[in-house]
Every structure is written in structure tokens, then in C-alpha cells.
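Everything on this sheet refers to the single structure shown next.
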Protein chains: 2
Amino acid sequence: MKYRRTNTLGLAVLGLLWERDMHPYEMASTLRERHQEASVKLNYGSLYTVVEALLKHDLVHAVGTLREGNRPERTVYGLTDTGRAELHDWLRELIAEPTKEYPRFEAGVALIGLLPPDEAIELCERRAETLDAQLVGLREVMTALGEQGLPQLAWIELEYRLAMARAERDWVRWFAAAARAGELGGQEFWRDLHAGDRAGNVRTTKEDDRG
Amino acid sequence: MKYRRTNTLGLAVLGLLWERDMHPYEMASTLRERHQEASVKLNYGSLYTVVEALLKHDLVHAVGTLREGNRPERTVYGLTDTGRAELHDWLRELIAEPTKEYPRFEAGVALIGLLPPDEAIELCERRAETLDAQLVGLREVMTALGEQGLPQLAWIELEYRLAMARAERDWVRWFAAAARAGELGGQEFWRDLHAGDRAGNVRTTKEDDRG
DNA sequence: CTCCGAATACTCGGACACGAGTATTGCACT
DNA sequence: AGTGCAATACTCGTGTCCGAGTATTCGGAG
């Protein structure tokens with residue numbers, strides 16, 4: 001069976017092994033050190049399953065086992081030629097081809113009409129503020145890394161993150177403002193639909209706000 | 001155990017049942033009809049597991065079974081009071097609190113230094129073009145829906161999607177341009193690192209582009 | 001010298017996601 | 001009347017993910 005390229009943790013592992021042989025735990029710590037946890041989800045369970053999967057597809061191979069002091073044995077892995085090719089190709093695919101993703105917020109937005117307008121607006125404003133705070137945090141991290149002498153290329157993914165977070169904040173603010181101003185198409189309908197609601201509970205009848 | 005709010009398909013199901021009782025297959029077709037497949041990932045396996053989970057947590061209950069003609073029996077589900085509360089609360093959470101997500105592209109960007117600069121730039125430009133095309137498509141869908149008489153609120157999530165796709169395209173173009181112009185921090189290093197590469201294969205030695 | 005807490009290095013079971021496969025029925029068309 | 005094809009309504013096995021739990025060791029405080 002073909003390797004499915006699901007979890008990007010697999011990509012990160014290949015990337016690490018491209019530099020040098022490692023045992024899983026070392027991969028985890030290295031990813032931590034480099035703040036790569038921010039762009040790939042890291043957790044031990046997944047890490048070991050992912051390495052197992054890579055092994056099964058001959059993308060990595062066991063280089064040997066180490067025993068240091070009396071610690072449990074650690075298997076050290078290395079990249080195979082197929083693995084190197086896979087890394088390169090996967091990376092190309094990831095960069096060149098946008099893939100459909102399903103951010104949770106989008107699912108929420110799709111159903112936002114189920115909340116009363118006032119509440120929805122307030123929640124959006126809360127989100128915008130949280131995003132503002134995150135943006136400040138991100139910028140701080142970035143300048144800190146720059147001052148540590150790391151080249152921009154080493155934290156370029158933060159640049160991307162920043163851009164996307166900013167875009168989301170702007171959109172959320174736009175939405176809240178438009179809703180507050182009553183400029184949204186279907187707004188009257190929305191208001192009427194929730195006319196009978198009191199704070200804290202939603203209506204329980206069975207009308208729809210879609211065609 | 002508490003319901004874990006993992007798959008947003010669960011939210012969509014609750015949203016549908018808020019309107020009226022349904023059997024799973026009908027949920028699927030309704031989601032399709034409303035283009036909600038675009039904001040929540042729909043597939044049969046997951047649908048039935050999700051409904052099962054909702055059932056276990058008393059968020060929905062079996063209202064009865066239908067048999068139409070000689071078709072297999074279909075279980076019809078309805079929302080419980082707890083389910084209605086859950087829908088409302090989940091939605092509030094989803095809107096108000098940004099959650100850390102891991103878009104695949106970000107993982108790719110984090111490792112983009114592993115590709116030779118020229119190739120990376122070219123791939124980015126390819127992505128930007130694909131995104132352009134998707135933006136055009138999105139706008140077409142939106143005007144079409146508007147002309148069908150649907151209020152903006154019924155497809156507000158597309159508005160969000162559009163904003164995010166646009167932001168991504170802009171970022172990718174910025175990156176490609178900056179890289180082409182050599183304005184990125186660490187650019188010389190990047191170039192040197194891949195100086196020996198020939199088109200089609202990546203270097204195989206063991207240097208790193210990070211600290 | 002001893003105790004404590006942090007770090008090391010995993011394991012395991014259960015939950016979850018997925019999508020190909022199956023079996024039936026309605027309907028159009030020959 | 002028969003054929004083919006889309007739509008209906010799932011099922012099931014495999015693969016993946018997850019995170020709490022476990023056991024050990026090292027370094028520093030007392």
C-alpha cells in the first residue's frame with residue numbers, strides 16, 4: 001500500500017532525519033527546541049505510530065540501538081533513499097498544491113445564524129480581541145528570534161501564521177461591524193428569527209434560516 | 001465521559017436536527033444540498049460514528065424507525081434538550097475562542113528551506129495561481145447564490161473562506177517575490193546550501209539551515 | 001547521603017476517521 | 001419485459017490518533 005501522507009508529523013520526522021540519524025524521543029525534543037511544535041502537532045503516541053508507518057514503507061530504517069547508562073534501549077532511525085525522495089516530493093506537493101481543509105471556525109461561521117445576532121456579534125468581538133493578543137505575542141516571538149541571530153528563513157512559517165491570523169481578525173471585525181450596522185444581507189430575517197429569544201436560551205421551534 | 005467536540009460534523013448534525021428530525025442519510029443529502037460539505041468534512045463512515053457518539057452522550061435520541069417500500073430500515077433521530085444546549089454552547093465556543101490548528105501548508109513552509117530556492121519560488125508561484133483560480137470560482141458561486149435569492153447570511157462562511165484564501169495567496173506571492181529579489185533574511189545561506197544541487201535531486205549531505 | 005522533582009523514553013488501550021464495498025430500489029430507455 | 005445506471009442506505013475492517021500512565025535516571029537542595 002502507498003504511504004498516505006496524512007499526518008505532517010511524518011514530514012517533520014523525515015526532515016529531521018535528513019539532517020542526522022535520531023531516536024524518536026530526540027526527534028520530539030529537537031522539534032520542541034526549534035519551536036516546530038507550532039506548525040506540526042506533536043504528541044508521543046502519534047510520534048511512535050508515525051515512525052512505525054514510515055518504517056513499514058521503507059522510508060526510514062533502524063540504524064541501531066543505543067543504551068546509555070542504564071536507560072531503556074533506544075532505537076535510532078535513519079533516512080533511506082526512498083525516504084529522501086519522499087521528503088522532497090511531499091514537500092513539493094505541500095507547497096505547490098493547496099488542499100481543502102476544514103478549520104473549525106469555518107464550521108462555526110456556517111451555523112452562526114443559529115445564535116441570536118447580538119450574541120453572535122459579541123462573541124466575534126471577543127474572538128477579535130483574543131486574536132489581537134495572539135498577534136502581539138507572535139510579533140514578540142519573531143523579533144526575539146531575530147535578535148537571537150536566527151535568519152528570517154528559520155522562522156518563515158511564523159510570518160505566514162501572522163498573515164493568516166491578521167486576515168482572520170480583520171474578517172471577524174468586518175463581520176461584527178457589518179452585523180452591528182445591519183448591512184448584512186438577510187439581517188432582518190435573522191433578527192426576526194430570534195426576536196423571541198431571551199439571553200441564555202435559544203428558541204426551540206423549528207424554522208430555518210436557509211432556503 | 002464528556003463529549004469531546006472533535007469532529008465538527010457532530011455540530012452540523014446537531015444543527016440539522018435543531019430544524020427537524022432526520023435519519024443519517026438524509027442529513028448527508030441535506031448537507032450536500034446546502035453546500036455545507038464545503039465547511040464540514042462529510043463522509044459516511046464518520047457520519048454514522050458521529051451519530052453513534054451523540055447518541056451515547058444523550059445529545060440525540062432515536063425518534064423511531066421508518067420503512068418505506070422495501071428499503072432497509074432507517075432510524076430517525078431527534079435532538080434532546082441536552083443536545084440543544086450542547087449545540088448552543090459548542091457554537092459559542094467555536095466562534096469566541098480561536099483554537100490552534102495545523103494547516104498542512106504551514107508545515108510545508110516550515111521546511112521550505114530544504115528545497116532549492118529556485119524550485120521553492122516556482123512552486124509558490126504555482127500555488128498562487130491555483131489560489132487565484134479558486135478565488136474566481138468562489139466569487140462565481142457566491143454571486144450565483146445571491147442571484148438565487150439566498151441571503152448573504154446563508155453563505156457567510158464562503159465570505160470567510162474567500163478572505164482567508166485571498167490572504168494566503170497574497171502571502172505566497174509576497175514570499176515568492178521577496179525570495180526572487182533576495183530580500184529574505186538568510187537568503188545567501190539558503191542559496192549556498194543548495195549551490196551543488198542539480199534539478200530533480202536534493203543534496204544528501206548533512207548540514208542544517210537552522211541554528 | 002538521601003529525597004524530590006524534572007527529564008527521559010516510551011507503552012497501551014480505546015476512541016476516531018475513513019472510504020471502499022454491498023445490497024437494494026426506482027426509473028429511464030430500449 | 002429486460003437492462004443499465006443513479007440513488008438509497010448503510011457496514012466493516014483497517015488505519016490513525018491520542019494522551020494518560022509507567023518506569024527509570026539524573027542533578028541539585030538540604
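Since this is a predicted model, take the numbers as computed values, not measurements. Naming: A, B, ... by sequence-line order, numbering from 1 per chain.
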Report the distance from atom NZ of A:K2 to atom P of D:dT16, rounded to the nearest whole Å. 14 Å
What residues form a ring pair (Phe, Tyr, Trp, His ring centres under 6.0 Å) with B:Y3, not counting sequence neighbours? B:H57, B:W90
Where each residue is assigned the nucleotide of DNA chain C containing its nearest heavy atom, which of A:E26 and B:N7 is assigned the position nearer the 5′ end? A:E26
Within this structure, what is the OH-to-P distance between A:Y25 and C:dT8, rounded to whole angstrom? 4 Å
A:E52 CD to D:dC18 P, straight-line distance once rounded to whole Å: 17 Å
How many whole angstroms separate atom NE2 of A:H23 from atom C1' of C:dT11? 17 Å
Find the distance A:L54:CG to D:dT16:P and express it as a whole number of Å. 10 Å
Specify the residues of residues 38-49 of chain A, ordered by number, for which at least one heavy atom lies under 4.0 angstrom from an atom of DNA chain C. A:Y44, A:Y48
At their closest point, which heavy atom of B:R127 faces which heavy atom of A:P98, and how far apart are they? NH2-CA, 3.5 Å
Winner on side-chain proximity to B:T6, out of C:dA17, C:dA15, C:dA7, is C:dA17
Residues at least two apart in sequence or cross-chain that pass side-chain hydrogen bond (donor to acceptor under 3.5 Å, both in side chains) with A:R104, listed by chain then number, are none
In whole angstrom, what separates A:M27's CE from C:dT8's P? 15 Å
Flag the pair B:R5 and B:E93 as a salt bridge only when some basic side-chain nitrogen lies within less than 4.0 angstrom of an acidic carboxylate oxygen. yes
When every non-hydrogen atom of B:V51 is compared with those of B:M27, the smallest separation belongs to CG2-SD, 4.2 Å
Without decimals, in angstroms, what is the distance between A:R4 CZ and D:dC17 P? 8 Å
So which heavy atom on B:I95 is nearest to which on A:C124, and how close? CG2-SG, 3.9 Å
Interatomic distance, A:R5 CZ vs C:dA17 P [rounded to whole Å]: 24 Å
